[in-house]
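Index from 1, following the sequence.
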Amino acid sequence: MQVNITYERPESGPASGPVTVGWFRSNDKNAVLYDPPQRLQSRDMSKTHAKSASRCPAVIQMESRYFVFPCPFDLHLGFARSKDGKPAFVNRAGNASPIRTAKLNEVLVMVNEAEWRYPDRPTIQLVLPYTFIADEPVYVTQLGAFAHYRRDPLPGTIFGGRFPINLWPRPLMWAFEWHEPERDIILKRGEPLFYCQFEANGPDRPVQLVEVERTPELENYVEAIGGAVNYVNQTFSLFKAAEALRPERLVVPKK
């Protein structure tokens, strides 16, 4: 008995060739602080030896599929509780902080204690404008910067996540679960904050990340799904409805 399976990929259309992933900032406020994402690449690589790891095709292939998102701010945060016991973060840098405390509260959120996964692990969220869109089924996975070495490791882990960007273009957040709240969180501007990986039809297809225009069609679609998370618990149940609202084409590369 012999079984043959043949898969034919179309020669044209969104499901052929490289996977095109569009990214845009959800708003232009302080846009200069949010650098474009870059492919993960080993820095200061040694390529003098033919068997060097930096020449390994498996390493090169893996790195080409991760994109690095740099931290936009210098932050030195401590954890504390107010007089009435409410959790809060403390700007340890004080007057030496490059970001004003009033502005810090605009981009950093202490999650309500009732929503923490564990009672002894505070959760904070750094609000970011990075948003993705695709014109074919593509999933984004957000994960920690595992290839970046920190002399002083962060006192916790980030919340990862995975969702389809062709149906659910929403801004990412850096969500951090503070395992050791007695230790401070220290972030440096420009250092890798997290990585993203993109999955589409065909694991062999390369990924092209391009900045796109915030066209009226894209703005209207984002507005239509933007606030749903505040009203329902399982937003994935809304994907069918989101698909019905979605225009056929939303990816328009920026000129």
Show the numbers, then the answer: is there a side-chain contact (heavy atoms from CB on, under 4.5 Å) between N112 and E115? CA-CA 6 Å; N112 189 305; E115 299 178 23; 3.9 Å; yes

I'd like to know if [X] pairs up with [Y] as an ion pair, taking the criterion as any Lys NZ or Arg NE/NH1/NH2 lying under 4.0 Å from an Asp or Glu carboxylate oxygen.
X    : Y    : result
K188 : D74  : no
E106 : K29  : yes
R214 : E219 : yes
E199 : R65  : no

Residue among V212, V251, V210 satisfying side chain to side chain contact (heavy atoms under 4.5 Å, CB included) with F24: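 One option only clears the test, and that one is V212.
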
Side chain to side chain contact (heavy atoms under 4.5 Å, CB included) partners of T157, counting only residues at least two apart: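 Partners of T157 under the side chain to side chain contact (heavy atoms under 4.5 Å, CB included) test: E177, H179.
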
Show, in sequence, the C-alpha distance, side-chain angles and deciding distance for L104 and L77, and conclude whether the side-chain contact (heavy atoms from CB on, under 4.5 Å) test is met. CA-CA 11 Å; L104 185 63; L77 304 172; 4.0 Å; yes

Only distances under 3.5 Å count here; give the side-chain donor-acceptor pairs of residues 119-133 to other protein atoms, sequence neighbours excluded, each with its distance to 0.1 Å.
{"from": "Y130", "atom 1": "OH", "to": "D35", "atom 2": "N", "distance (Å)": "3.3"}
{"from": "Y130", "atom 1": "OH", "to": "D35", "atom 2": "O", "distance (Å)": "2.5"}
{"from": "T131", "atom 1": "OG1", "to": "P129", "atom 2": "O", "distance (Å)": "3.0"}

Expected list for residues 190-198: side-chain donor-acceptor pairs under 3.5 angstrom, two or more places apart:
{"from": "E191", "atom 1": "OE1", "to": "R150", "atom 2": "NH1", "distance (Å)": "3.3"}
{"from": "Y195", "atom 1": "OH", "to": "A147", "atom 2": "N", "distance (Å)": "3.3"}

Taking atom types as modelled, is there a side-chain donor on H76 or N91 under 3.5 Å from an acceptor on the other?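 No.
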
What orientation do F176 and W174 show, parallel under 30°, tilted 30 to 60°, or perpendicular over 60°?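 If you compare the ring of F176 with that of W174, the planes turn out parallel.
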
Walk me through it: do K86 and E113 pass the test salt bridge (Lys or Arg N to Asp or Glu O under 4.0 Å)? CA-CA 8 Å; K86 291 185 178 180; E113 188 167 4; over 6 Å; no

Does the gap between the ring centers of Y118 and W116 come in under 6.0 Å?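 That pair fails the under 6.0 Å test.
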
